[in-house]
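Okay, structure first, notes after.
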Amino acid sequence: MIELEGLTKRFGSKVAVDHLSFQVRPGIVTGFLGPNGAGKSTTMRMMLDLDNPTSGTVRIDGKHYRDLQEPLKYIGALLDAKAMHGGRSAYNNLLCLAQSNRIPSSRVDEVLDMVGLSAVAKKKSKGFSLGMGQRLGIASALLGDPEILMFDEPVNGLDPEGIHWIRNLMKALASEGRTIFVSSHLMSEMALTADHLIVIGQGKLLADTSMADFIHENSRSYTRLRSPQYERLRDVLHQEGFTAVETAGGVLEIDGATTEELGELAARHQVVLHELSSQRASLEEAFMQMTAGSVEYHAHSERDPAAEPPAVGAGWGENWNKPGSNNTEGK
Amino acid sequence: MTSPATPQDRRQEPEAGLLSFYASPIPIRPATLGDAIASEWTKLRSVRATVWTLGVMVALMLTVGVCTALLLAANDTDLVGEPALVLGFFGVLLGSLCVITLGVLTIGSEYSTGMIRTTLTACPSRVRVLAAKAIVFFSLTFVITTVTATVVAVLQTLILSGAATPSGGEWALSTVGVGFYIAGLGLLSLGIGAIVRHSAGAITIMIGVVLLPLVLALFMFADDLRSVQRFLIEYSIPNQLSALYGTTMTNSGPSGWEPLLVMLGLVTVALGGAVALLNRRDV
Ligand SMILES: Nc1ncnc2c1ncn2[C@@H]1O[C@H](COP(=O)(O)OP(=O)(O)OP(=O)(O)O)[C@@H](O)[C@H]1O
Ligand SMILES: [Mg+2]
């Protein structure tokens with residue numbers, strides 16, 4: 001269990017983390033989301049007592065991090081995969097950590113085996129690929145067999161097999177009753193792994209809800225219709241009082257109607273349908289919708305001059321109800 | 001899991017209301033400075049920099065020490081009543097640059113690689129981390145410098161058998177005393193490394209600390225700067241080091257074991273400052 005209370009961090013005049021209060025509960029995977037620069041990594045560094053909060057506190061099982069006797073046995077963290085000495089072998093990098101927390105050296109072999117690095121245990125870690133470095137970082141987090149695990153963008157640089165492995169690992173660790181706190185920008189991945197979500201934007205808490213509620217509250221569901229009698233279908237819908245959004249390729253999107261209603265409607269008016277499907281928004285869409293107002297670093301697309309730095313309610317989230325954004329992945 | 005856990009070893013019950021469901025079978029006992037020392041020893045012995053810097057230092061001390069002795073013996077030079085031990089000075093002065101480098105790298109490489117974050121996550125007590133590093137580094141450099149200095153001194157005395165016979169005190173100063181002084185200089189470098197967090201910067205500062213006082217003194221011709229010049233020369237690190245060999249550039253200034261006290265003071269200030277900064281700063 002991790003508890004944050006009014007956690008605030010200022011870098012000069014910049015408020016990186018702004019009065020964050022939330023709890024990370026055991027037994028589930030809690031996803032930590034936010035656009036670039038939202039303050040996720042800063043928050044995690046403060047949890048580990050690496051950065052001093054400007055104000056507010058973090059408690060790990062009721063204690064301050066500095067008061068933990070052998071912290072690796074309480075909390076394992078992967079902040080930055082390259083936070084190892086490249087001139088040292090993978091084994092020795094882990095061994096010196098183990099020794100400082102009285103973890104038996106046999107455990108080093110165990111975790112190296114767990115992350116699949118046994119074969120390169122004696123190799124210098126600077127020669128490691130991005131994914132191998134990530135695995136070494138994960139091994140260091142697992143070293144003390146801790147009850148709390150914290151990962152900052154763990155799937156960065158992992159191959160599909162590695163991503164799959166991480167997903168299952170986190171689920172397995174959570175099912176053992178551990179507290180898992182993980183940040184990621186891969187929404188489809190997060191949708192598959194996390195049970196609970198903490199979303200921040202510009203350092204402020206935007207949401208602290210379950211995954212299902214988050215998607216439900218922050219995105220729309222609609223029904224997709226395609227018909228060779230496009231004009232007729234549109235008129236029929238209009239007559240019956242449905243608002244249809246026309247999108248590319250002769251597709252109509254209808255909010256607030258069930259597939260049953262629309263199917264029966266089409267049958268009554270003898271309109272041929274080529275597609276009738278219910279679309280549920282993905283976590284990605286929900287996330288972009290929610291954080292649209294707090295995105296700090298925008299990419300500027302040359303092909304789309306409309307995507308200028310927007311006010312609240314726009315940003316990359318504006319794609320959300322634009323043509324062609326009917327993303328059906330996720331739950 | 002490997003370690004057999006007894007129930008008493010299990011973690012303390014968390015405070016009421018904060019139940020954690022997962023209990024690791026790896027027992028928790030408070031880690032001590034000893035564990036941190038074991039960890040730092042692993043770090044020091046598992047990087048190439050240690051072997052390189054200390055290897056170069058030993059090589060420099062041996063070759064420079066033996067070569068000067070052989071040269072003097074070949075030319076039948078008179079050491080004007082000084083024991084042969086004084087010849088060790090040049091090798092040690094050069095070797096001190098290696099110790100400075102290693103001292104800075106001991107902490108500087110943690111910052112350059114980002115390892116410091118991992119280190120402090122594993123051991124949040126900044127004092128303990130720094131103390132462990134200092135103890136391990138000091139012990140290693142002290143032993144190596146003392147042993148090498150002793151070997152060189154013995155060889156020089158054998159080669160120049162005609163020179164004055166050194167007293168017991170002179171032997172002690174030019175072996176153990178030099179060992180302490182050089183290891184102390186290394187600790188000072190470690191402290192500076194922790195303060196500036198940048199290896200190249202800290203090494204440059206330390207080389208400046210060693211050389212600058214003498215260089216500055218060279219340019220102080222004015223009469224009213226005489227006393228400053230004298231102070232700079234007497235308290236320059238090369239002069240204090242040569243004081244351990246019983247020879248100095250001036251006739252006043254630190255002598256005997258006094259240079260060690262001066263170094264102790266410098267080390268205390270540097271490490272104290274480093275601990276204060278580490279406690280306050282973000283990593
Ligand atoms: N040491 C620092 N000094 C000054 N500003 C900093 C420092 N660390 C972070 N910041 C600022 O704080 C803000 C939050 O940064 P942080 O790295 O926590 O974001 P993040 O949510 O992890 O972003 P990303 O998704 O890109 O990893 C950023 O605007 C960053 O510029
Ligand atoms: Mg980050």
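Below, read A as the first sequence line, B as the second, and so on, with proteins coming before strands; counting in each chain starts at 1. All values below come from the heavy atoms of this structure, side chains included, with hydrogens, waters and symmetry mates left out.
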Measure across [X] and [Y] and return the closest heavy-atom pair with its distance rounded to 0.1 Å.
X	Y	result
A/Asn52	B/Arg280	ND2-O, 2.6 Å
B/Ala31	A/Ser100	CB-O, 3.5 Å
A/Gly86	B/Thr113	N-CG2, 4.3 Å
A/Asp80	B/Arg117	OD2-NH1, 4.4 Å
A/Gln99	B/Ser39	OE1-CA, 3.5 Å

So B/Asp282 and A/Arg45, salt bridge (charged side-chain N to carboxylate O under 4.0 Å, His left out) or not? Walk me through it.
CA-CA 9 Å; B/Asp282 291 345; A/Arg45 284 201 305 275; over 6 Å; no
Interface residue of largest heavy-atom contact number with chain A, from B/Ser46, B/Ser125, B/Ala49, B/Ser112, under 4.5 Å:
B/Ser46
Of all of B/Val283, B/Thr121, B/Thr118, B/Val47, which one pairs up most often with chain A through heavy atoms under 4.5 Å apart?
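Sorted descending by pairs with chain A, the first entry is B/Thr121.
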A/Tyr91 portion near chain B, given a 4.5 angstrom heavy-atom threshold:
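Interface part for A/Tyr91: neither.
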A/Leu48, part contacting chain B, at a heavy-atom distance under 4.5 Å:
side chain
Residue pair [X] / [Y], side-chain heavy-atom distance below 4.5 Å:
X	Y	result
B/Arg48	A/Lys124	yes
B/Met115	A/Asn93	yes
A/Arg88	B/Lys43	yes
A/Arg102	B/Thr32	yes

